[in-house]
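Computed from a prediction, not measured in an experiment: that's the story for all the values here.
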Amino acid sequence: QMAQMRTAGEALGRGDPAKVARAIIELVNTPNPPLRLLLGSDAVVLAKAAATARAREDAAWEALSNSTDFEGSEPFAETAFGKALQAQMG
């Protein structure tokens with residue numbers, strides 16, 4: 001079904017070049033521009049889907065990931081640096 005939609009053109013050609021140019025110019029005048037910018041409703045949906053899939057996979061393997069720290073070491077999330085990063089991320 002996804003292949004049929006792509007072939008039919010549903011996933012192509014959403015971006016308006018003039019609007020993209022205006023968005024980029026707006027960013028130039030922004031004091032703290034984003035490191036990455038999603039341009040277009042298709043990019044937003046695809047990025048959300050990818051982030052959700054990655055978060056789901058990360059959560060599924062979290063215990064194994066955490067098990068590789070040195071024995072007796074403080075979990076990174078509980079260090080000052082880890083706490084600062086988490087606070088910054090909200």
Side-chain angles (χ1 to χ4, degrees):
Q1 185 179 16
M2 295 291 284
Q4 289 173 339
M5 286 187 274
R6 271 196 306 274
T7 305
E10 278 195 46
L12 305 174
R14 292 219 166 338
D16 179 334
K19 289 181 177 181
V20 169
R22 285 194 296 272
I24 292 170
I25 290 169
E26 182 178 332
L27 281 182
V28 170
N29 298 315
T30 303
N32 296 310
L35 180 60
R36 288 170 293 283
L37 178 66
L38 302 171
L39 295 172
S41 60
D42 53 343
V44 172
V45 169
L46 291 168
K48 284 182 181 180
T52 299
R54 182 174 178 180
R56 190 177 303 121
E57 184 177 36
D58 290 350
W61 294 99
E62 185 174 356
L64 180 62
S65 297
N66 289 332
S67 74
T68 62
D69 289 354
F70 281 111
E71 202 62 43
S73 65
E74 180 178 31
F76 180 75
E78 295 175 18
T79 66
F81 186 49
K83 288 178 183 178
L85 281 175
Q86 292 174 90
Q88 188 177 38
M89 292 185 303

Do any pairs count as a ring-ring contact (aromatic ring centres under 6.0 Å, His included) and have a residue in residues 52-76, sequence neighbours left out, and if so which ones?
Phe76-Phe81
Taking a hydrophobic cluster as the set of Ile, Leu, Val, Met, Phe, Trp and Tyr residues connected by side-chain heavy atoms closer than 4.5 Å, whether directly or through intermediates, do Val44 and Leu46 fall within one such cluster?
no
Sort and list the pairs that fulfil salt bridge (charged side-chain N to carboxylate O under 4.0 Å, His left out) and have at least one residue in residues 56-79, not counting sequence neighbours.
Arg54-Asp58
Test side chain to side chain contact (heavy atoms under 4.5 Å, CB included) applied to Ala18 - qualifying residues, sequence neighbours left out:
Asp16, Arg22
Is a donor on one side and an acceptor on the other found under 3.5 Å between the side chain of Thr79 and the backbone of Gly82?
yes
Whether the side chain of Gln88 engages the backbone of Ala84 through a donor-acceptor N/O pair (distance < 3.5 Å, no angle test) should be reported.
no
Val20 reachable from Leu38 in the ILVMFWY side-chain graph, under 4.5 Å edges
no
ILVMFWY cluster, Leu27 and Leu39 together (side-chain gap under 4.5 Å)
yes
Of the non-hydrogen atoms in Ala77 and Gln86, which two are nearest, and what is the gap between them?
O-NE2, 2.9 Å
Just by distance, do the side chain of Thr68 and the backbone of Leu64 share a donor-acceptor pair under 3.5 Å?
no
